[in-house]
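Sequence lines set the chain letters: A, B, ... in the order given, protein chains first and strands last, and positions in each chain run from 1.
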Amino acid sequence: MIRLATDVGGTFTDLVGYDERTGEIFTAKSLTTVHDQSEGVLAAIELAEKKDGLSARDVIFFAHGGTTVINAITERKGVKTALVTTAGFRDVLEIGRGNRPDLYNLQFKSPEAFVPRSLRFEVRERLDAKGRVLTPIELGDIEPIVRECRARRVEAVAVVFLHSYANPEHEIACAKAIAEALPDVTVCASHEVSRQWREYERSNTAVLNAYVQPIIKRYFARLESALTERDLTCPYYAMQSNGGISTFDQAQMSPLTLVESGPAGGVAGAARIGTVLGESEVLSLDVGGTTAKCSLIHDSRPTLDSEYKLEHTRIAPGYPVQVPVVDIVEIGAGGGSIARIDERGALCVGPDSAGSTPGPACYGRGGDKPTLSDALLTLGIFDPASFAGGQMQLDKSKAATAIATVAKPMGLSVEDAALAIVEIAHASMINALKLVTVQRGHDPRDAAFVISGGAGPALAARLGRDLGVKMTVVPPHPGIFSAWGMLAAEPRADFRSMWFAPLGPEAVSNLKRRFDELKREAVRYFSKGDAAEIRYACRVEARYRGQEHGVFALFEMEDDAESFAQRFHAAHERAYTFCLPGSPMEITMIHLEAVLHGPVIAIPKLDRTGRSLDAAFKGRREVYFGGTTGWVSCPVYERTRLPSSERIAGPLIIEEATATSLVVAGQELEVSEEGLLLIRERDGGSV
Amino acid sequence: MIVVDPVTQEIIEGKLAATVDEMGVVMARTSMSPVIYEVLDFACGLLTRDGELVAQMNGITLFTGTFGTQVKSLIALYGDDLEDGDILLTNDPYSGGTHACDFAIVKPIFFGGRILAYAINVAHYLDVGGSVPGSLAPNATSVFQEGLRLPGVKVVRSDRFSGEVLRIIRENVRLPEVAIGDLTAQVATVRVAARRMAELAHKYGTDVIEAAFNHLLSVSEKQARAAIAALPDGTYEAEDIIDGDGVTTDPISVKVAVTIAGDRLTADFTGCPPAVAGPINCAAGALQSAVRTIFKALVAPQAPSNEGWFRPLSVVAPKGSVFTAEKPSPTGWYYEGSVHASELVWKAVAKLMPERFSAGSYTSLCVVYVSGKDEAGQPFIHIEPQHGGWGASRDGDGANAVIALTDGDTYNYSVEVIEARFPLLVRRYELNVEGGSGAGRRRGGFGVIREYEILGEGASAYCSFGRTDTPPWGIDGGKPGSINLLQVEENGGNVRNFGREPHIELNRGDLVRIITGGGGGWGNPRAREREQVRRDVEDGYLTREVARNLYGYEEGMAS
């Protein structure tokens with residue numbers, strides 16, 4: 001009985017299968033098919049069938065992650081969408097928040113709204129902040145809107161009324177009227193996708209959800225029929241941005257939850273690795289071709305980002321949306337990141353990337369700019385012959401030529417310039433990793449550091465050392481780890497709702513009632529009956545009176561006002577270095593995380609036969625460490641033959657099909673019984 | 001002299017940027033007052049031991065040039081009398097600061113027994129005492145009406161808050177809990193900075209760090225000089241009018257002469273009038289900031305800010321002018337004046353750099369204070385800067401509804417958040433299409449209309465809106481934009497108009513209508529592509545009449 005996951009990335013579609021009976025793992029990689037991603041998925045399945053004898057009939061579980069939603073948004077290829085909103089507020093979507101983070105740009109503009117002004121319509125109605133009706137909805141206003149939508153061939157309509165998080169009745173009435181009049185049009189009312197306040201953010205959420213909904217429905221329909229044709233019939237699941245999975249049907253209802261589908265798979269995988277190791281605090285880093293993404297797992301759960309924004313940069317406000325997305329900090333440094341000398345004469349790495357075409361210079365596909373991968377090859381960390389399991393021969397001289405273009409202006413040798421490129425990529429990753437830990441009040445010294453992605457394991461040991469983590473972990477199949485992680489994800493749903501109350505005994509008993517309501521909603525959502533095994537985590541966002549932004553703290557059903565307050569003070573102190581125990585507190589939002597128990601990928605103990613240091617030894621390679629150390633001859637081992645539970649002193653290199661790991665001097669490697677590579681400082685200390 | 005290798009240099013610069021960002025996050029999320037957490041009216045920075053700015057958080061432009069002068073004046077004040085664990089507080093407008101509401105917290109960061117750097121955090125306090133709640137009387141005539149001034153005191157000694165200073169603050173402000181909360185948040189940020197600098201110093205040593213600071217400054221200086229040298233030498237002049245000072249509505253004529261000579265740029269404000277009676281004056285520190293904002297836009301808008309960029313810049317202005325006010329001239333609404341200094345320089349050089357500049361904007365932050373009592377009888381103050389229309393550029397239409405030049409990463413308030421908090425009902429929030437914007441081949445962006453219905457009794461408001469008579473300027477045949485205005489529509493229907501107004505009584509059912517203007521146009525409107533005009537008509541940005549009269553457009557021309 002096989003559990004299968006496919007992850008469609010920008011360049012490759014990765015497949016990981018796991019046979020529950022034998023523990024056998026299937027892997028395959030195909031080229032992503034941009035016009036219809038399901039073709040690449042099928043190609044990967046076909047490859048696994050041919051190569052490893054995967055039998056599609058035996059698949060009992062299929063998880064899928066992809067970029068359909070994010071691509072439709074970034075390429076502006078969603079459907080023609082209209083917005084219906086409260087009279088007086090049709091420009092909210094266009095005005096946005098009006099901030100100008102690009103401070104000195106006198107030509108700055110807010111991001112363009114996804115619905116043009118002529119398709120933003122107003123309906124007379126009004127609620128107050130408590131959800132009371134101030135102006136009853138004027139249903140007669142909808143008729144001309146419907147006519148216009150029909151004439152303009154609108155395919156999706158978002159409905160957003162002020163304060164619908166407190167009372168959805170007007171939105172429901174309006175959405176119903178539109179859906180009846182326009183049966184072929186997708187209608188999305190904001191309260192269905194977000195019950196949080198802030199009208200601009202909720203409008204964006206509803207609009208983007210409507211904008212991609214028809215696209216994802218068509219895509220899932222194509223994928224389902226293609227899978228069925230191949231006899232791959234089983235429950236189909238989509239990887240959601242919250243680190244859990246949902247059925248295709250559930251995902252279609254709020255497709256925006258798929259926006260960070262791929263990266264969330266990696267985070268789910270890192271959480272699983274933490275569980276195997278008995279580590280509840282995990283810092284994960286996935287180094288891809290263009291960017292590296294890091295995330296924090298706290299209490300064995302992925303952390304959610306409360307203010308997720310699409311296309312957000314330091315100088316662009318982006319599009320905030322209110323969907324649960326794992327808190328991922330993205331750094332513009334990946335294996336394909338290009339190094340250059342900037343106008344200050346300083347060496348920079350990224351954010352431009354050589355991507356997969358032309359790719360790094362060493363790929364020999366016409367790329368002539370020096371990249372992080374070229375630097376890793378030049379330093380001897382990557383092997384030209386055995387890279388990617390020997391499927392791709394790397395060209396060392398092309399890498400050297402490319403690196404010389406930055407080495408010369410700096411007056412450095414090629415290998416010192418390569419080292420400089422790695423150092424700078426390293427420093428920007430460290431800054432970002434500290435952002436997700438220290439800045440959020442967590443201490444990296446308590447964390448296991450799980451690093452994946454093509455170039456990740458090559459940088460792992462040094463990053464781990466500079467962060468001072470407990471240990472650095474290279475998981476199985478680091479090059480296709482997001483797909484692997486999807487097999488570790490369970491069905492999950494997040495329910496958030498605004499609720500204001502001063503913290504006190506009355507509020508606490510109300511909280512319990514509200515959480516019970518949300519739990520009933522979760523049971524309905526999973527539709528597995530009342531006996532379904534669901535794990536809940538209740539969180540309450542609260543703040544000191546006068547503050548705007550709240551802090552989430554866990555709420556236990558047996559809490560009283562005092563015990564919850566204690567936990568809130570602690571959470572506030574961890575996040576912001578202080579707490580105000582004497583100040584009155586207010587509850588602002590409640591959040592129920594519901595995870596339906598499901599089988600997740602097991603990591604079987606290694607079969608010890610045929611494993612030894614000698615069997616794993618492949619030879620030696622010169623690696624350049626610079627400074628007074630210079631070139632050092634390092635032993636090279638094959639990961640699949642390494643013995644478990646032995647401590648091996650660095651420096652050394654471990655090779656496998658999808659990645660190369662480096663362990664530096666002063667560190668030691670241990671292969672866990674499950675085959676995880678654990679790297680620790682020899683003296684046990686951290687820097 | 002130590003030469004820092006380029007990799008270490010890059011790593012140290014990355015760490016400086018990460019540190020000021022971290023300070024900013026801590027501040028925004030821990031502050032107790034909405035002016036800080038919603039409007040982000042604060043900034044954080046790191047400076048050398050000589051008070052030269054090396055890194056600044058991305059926040060608002062008002063503080064572009066104030067950090068250096070503020071820290072330098074504290075260095076001059078204290079000399080060697082600073083110890084590890086000290087934190088200073090200043091809010092003096094006349095020694096590099098802005099107005100009394102802006103509390104600057106400065107921590108000398110010691111390493112190995114001597115000062116390595118300074119961390120600074122400046123934040124706008126909700127109230128610092130004075131003649132009116134919020135401390136900014138639009139008709140103040142003296143700094144003594146604008147609240148408590150603490151010109152450089154040790155608020156923390158040996159890492160402990162000074163009880164005396166806290167008592168003084170508590171007893172002199174209207175919302176002591178909020179003030180002390182914000183002070184605590186500010187102190188947390190400079191302590192974070194000290195920890196991060198110590199990490200750097202441990203790793204690289206203080207000599208390397210100081211050398212990296214110097215290198216950073218001199219590289220930026222070189223780039224700025226190269227950018228100026230590429231512009232044609234000459235003197236470029238501009239004039240403008242400030243619409244009233246809050247005491248009278250008399251026009252105030254201001255002007256600048258910008259001279260580019262080789263790799264230097266001088267902005268000379270000689271000829272501007274003496275300080276006015278009302279609080280729209282700014283002091284010399286704020287003038288520096290105002291000019292630097294445009295200088296930065298000219299030479300390197302996206303590069304991280306530091307003192308080096310501004311070394312080729314000189315600002316000339318006689319003492320005691322409207323832009324160089326001295327004690328006891330009021331400066332509460334200084335940014336209403338200083339923004340005109342920015343816009344003068346902007347207007348003077350705009351045509352030299354059409355790829356980076358735009359026509360005139362709505363300019364004024366149009367701040368409104370609404371106060372009263374909520375349902376529970378508790379007093380409230382709602383302070384709100386308004387967003388408005390920006391000017392067109394050679395290559396694109398102006399921005400709709402973004403924040404004025406003086407601010408930056410400043411959000412508007414969510415309607416839903418306001419209504420949950422205050423006895424106010426927002427009747428509409430939309431683009432000010434009816435007021436229009438500057439017509440042009442590229443047209444100005446639109447301002448906003450925001451209407452508040454007052455739900456409680458005994459409320460009042462005050463405001464200071466600029467550009468209520470003199471609209472934003474157009475360029476190259478582009479038309480001027482439209483003006484800003486605050487209207488009160490009484491329950492009976494009577495409508496009154498305001499600009500800078502110290503006190504407006506409000507009754508239940510009154511409507512406060514905030515109207516911000518559209519930006520200026522660029523180029524002849526008749527040269528605008530027909531398809532663009534057609535789309536503007538379809539989207540309702542232009543009426544058919546405007547399309548016909550200003551753009552010479554008739555229905556059906558585009559097809």
Side-chain angles (χ1 to χ4, degrees), chain A residues 87-92 94-110 116-118 128-130 134 162-163 165 197-201 314-315 343-348 410 419-420 423-424 427-428 431 434-435 438-439 500 544 546-549 575-578 580 583, chain B residues 6-7 9-11 14-15 18 22 25-26 28-30 32-34 37-38 58 60-61 177-178 181 184 188 192 219 223 293 296-297 301-302 346 356-358 387 393 396 399-403 407-412 414-417 419-420 425 427-431 448 538-541:
Chain A
F89 297 90
R90 79 153 156 168
D91 290 327
V92 160
E94 180 166 350
I95 294 172
R97 300 304 302 273
N99 54 323
R100 266 186 324 106
D102 196 359
L103 298 185
Y104 304 100
N105 174 4
L106 303 181
Q107 300 183 351
F108 174 85
K109 289 178 114 166
S110 297
R117 196 162 194 263
S118 61
D128 72 7
K130 294 202 167 75
L134 298 177
L162 289 179
H163 301 298
Y165 60 88
W197 66 357
R198 295 185 190 280
E199 63 282 0
Y200 167 64
E201 287 77 356
R314 210 182 144 75
I315 54 170
E343 59 283 354
R344 300 167 299 157
L347 180 67
C348 298
M410 291 193 298
L419 201 60
E423 285 289 328
I424 284 174
S428 58
N431 283 337
K434 291 220 164 141
L435 201 75
V438 180
Q439 201 164 305
F500 308 101
Y544 295 116
Q547 279 184 328
E548 168 65 16
H549 293 284
Y576 303 127
T577 71
F578 73 86
L580 302 168
S583 296
Chain B
V7 176
Q9 180 74 33
E10 188 66 14
I11 290 169
K15 181 89 175 183
E22 186 176 353
V25 170
V26 170
R29 307 214 54 169
T30 49
M32 315 244 340
S33 71
Y37 59 65
E38 278 291 336
N58 211 38
I60 65 179
T61 64
E177 262 181 58
V178 175
T184 313
V192 161
V219 167
Q223 281 180 270
T293 299
K296 190 72 182 14
Q302 273 85 28
W346 173 350
R356 284 187 184 158
F357 277 64
S358 51
H387 296 61
S393 60
N400 297 331
V402 294
I403 199 67
D407 277 38
D409 204 3
T410 305
Y411 288 51
N412 55 14
S414 153
V415 170
E416 290 176 342
V417 172
E419 292 185 354
L425 182 76
R427 295 271 290 260
R428 60 171 168 155
Y429 184 41
E430 54 193 12
L431 293 175
V448 302
E538 177 181 280
D539 278 325
Y541 294 126

message = Under a 3.5 Å distance rule, please check whether N400(B) uses its side chain to pair with a backbone N or O of I95(A) as donor and acceptor.
response = no
ask   = Given that the side chain runs from C-beta out, which part of F89(A) has a heavy atom under 4.5 Å from chain B: side chain, backbone, both or neither?
value = both
remark   = When every non-hydrogen atom of V402(B) is compared with those of S110(A), the smallest separation belongs to CG1-OG, 3.3 Å
query = Can you tell me how far OH of Y104(A) sits from NZ of K296(B), rounded to the nearest 0.5 angstrom?
reply = 6.0 Å
remark   = Shortest non-hydrogen pair, A420(A) vs V7(B), comes out as CB-CG2, 3.1 Å
query = Are the side chains of R356(B) and L106(A) in touch, meaning some heavy atoms are under 4.5 Å apart?
reply = no
query = Are any non-hydrogen side-chain atoms of V92(A) and V415(B) less than 4.5 angstrom apart?
reply = no
task = For R97(A) and S414(B), work out which heavy atoms get closest and say how close.
result = NH2-N, 4.0 Å
ask   = Hey, which of V448(B), I11(B), N58(B) has the most heavy atom pairs under 4.5 Å with chain A?
value = N58(B)
task = Would you sort out whether R198(A) and V417(B) count as a side chain to side chain contact (heavy atoms under 4.5 Å, CB included), showing the intermediate values?
result = CA-CA 7 Å; R198(A) 295 185 190 280; V417(B) 172; 3.8 Å; yes
message = Just so I know, are the side chains of Y429(B) and D91(A) near enough to count as touching, which here means a heavy-atom distance under 4.5 Å?
response = no
request  = Go through the atoms of L580(A) and report whether side chain, backbone, both or neither lie under 4.5 Å from a heavy atom of chain B.
outcome  = side chain
ask   = Does any heavy atom of chain B fall under 4.5 Å from the side chain of I315(A), the backbone, both, or neither of them?
value = side chain
task = For A399(B) and F108(A), work out which heavy atoms get closest and say how close.
result = CB-O, 3.1 Å
key: Result of checking I403(B), T410(B), D409(B), I60(B) against R100(A) for side chain to side chain contact (heavy atoms under 4.5 Å, CB included)   = I403(B)
key: Minimum heavy-atom distance between L103(A) and G408(B), given as atom pair plus value   = CD2-CA, 3.4 Å
request  = Begin with the C-alpha distance, continue with both residues' side-chain angles, and end with the deciding distance and a verdict on side chain to side chain contact (heavy atoms under 4.5 Å, CB included) for N105(A) and Q302(B).
outcome  = CA-CA 7 Å; N105(A) 174 4; Q302(B) 273 85 28; 3.9 Å; yes
task = Run the numbers on E430(B) and R117(A) for salt bridge (charged side-chain N to carboxylate O under 4.0 Å, His left out), then give the verdict.
result = CA-CA 11 Å; E430(B) 54 193 12; R117(A) 196 162 194 263; 5.6 Å; no
note = If one checks every heavy atom of E201(A) against chain B at 4.5 Å, the contacting part turns out to be neither
task = Select, from E199(A), R90(A), H163(A), the one with the greatest count of heavy-atom pairs under 4.5 Å involving chain B.
result = E199(A)
inquiry  = Looking at every heavy atom in both P6(B) and M410(A), which two are closest together, and how far apart are they?
reply    = CG-SD, 4.1 Å
note = Under 4.5 Å to a heavy atom of chain A? For E538(B) that would be both
Spacing of OG belonging to S393(B) relative to NZ belonging to K109(A), to within rounding of 0.5 Å = 7.5 Å
